[in-house]
Amino acid sequence: MRRAIALATENVRSGSGGPFGAVIAKDGAIIGEGFNTVTRDNDPTAHGEVRAIRAACHTLGTFTLKGCEIYTSCEPCPMCLAAIYWARIDRIWYGNTSADAARVSFDDAFLYRELALPARDRTIPSSMLLREQAWESFQAWLDSPNKTPY
């Protein structure tokens, strides 16, 4: 956790991005770390947790991080939480809470409220389009003998 906090603090002081850092460990050793580079990289997905997941997966040569733990300087936002679940990480440790993040203008409450709404009631409109044609990719997946489930 100390390393995740140091990454977050160093990131702010260097001017690279927001106050978020994350470390992924397996068997007591750090296998990936990341810090927020959203504004530096013009990438809204470049959160510390996502970057740490990418680094850890690269280190292990796999897309699953079962057996790993993530240490993050702040409670994960909805995107990062979903990425953590997709990566199959065993445990989350965090320093600051989402309420703490809101106090410094990083308020995820809006996203949690949006996700709880039916799609038709969300702020960004979404509509289904070309469903029958889109199913072709799913059918190809079902039929593929070479797929790797995840």
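Given the structure is predicted, the values throughout are model-derived calculations rather than measurements.
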Could you measure the distance from the [atom1] atom of [X] to the [atom2] atom of [Y]? Nearest 0.5 Å is fine.
| X | Y | atom1 | atom2 | result |
| --- | --- | --- | --- | --- |
| E49 | E75 | CD | CD | 10.5 Å |
| D108 | L81 | CG | CG | 10.5 Å |
| S126 | R120 | OG | CZ | 10.5 Å |
| I84 | M79 | CD1 | CE | 10.0 Å |
| F20 | N11 | CZ | CG | 10.0 Å |
| K66 | R88 | NZ | CZ | 9.0 Å |

Determine the minimum heavy-atom distance between [X] and [Y], stating which atoms define it.
| X | Y | value |
| --- | --- | --- |
| K147 | P149 | O-CD, 3.6 Å |
| A87 | I53 | CB-CG2, 4.1 Å |
| E33 | R3 | OE2-NH2, 2.8 Å |
| T97 | C74 | O-SG, 3.6 Å |

task: Take C80 and T72 through the side chain to side chain contact (heavy atoms under 4.5 Å, CB included) test and state the conclusion after the steps.
output: CA-CA 10 Å; C80 292; T72 180; over 6 Å; no

- prompt: Would the F138 and W141 ring centres measure less than 6.0 Å apart?
  reply: no

Do [X] and [Y] belong together in a cluster built from hydrophobic side chains that touch within less than 4.5 Å?
| X | Y | result |
| --- | --- | --- |
| Y94 | Y112 | yes |
| L60 | I70 | yes |
| F63 | L65 | no |
| I30 | V50 | no |

- prompt: Is it true that the side chains of T45 and D43 contain a donor and an acceptor less than 3.5 Å apart?
  reply: yes

Could you check if a side-chain atom of [X] sits within less than 4.5 angstrom of a side-chain atom of [Y], using non-hydrogen atoms only?
| X | Y | answer |
| --- | --- | --- |
| L142 | W135 | yes |
| I24 | E69 | no |
| P19 | N96 | no |
| F35 | R40 | yes |
| N36 | H47 | yes |
| L117 | T123 | no |

Is it the case that the side chain of [X] and the backbone of [Y] share a donor-acceptor pair, with hydrogens and angles ignored and the cut-off at 3.5 Å?
| X | Y | value |
| --- | --- | --- |
| R51 | A46 | no |
| S137 | A134 | yes |
| S16 | T37 | no |
| T59 | A55 | yes |

task: Return the orientation label for the W93 and Y71 ring planes: parallel under 30°, perpendicular over 60°, tilted otherwise.
output: parallel

task: May I ask you to check whether over 12 heavy atoms, not counting those of Y85, lie within 6.0 Å of atom OH?
output: no

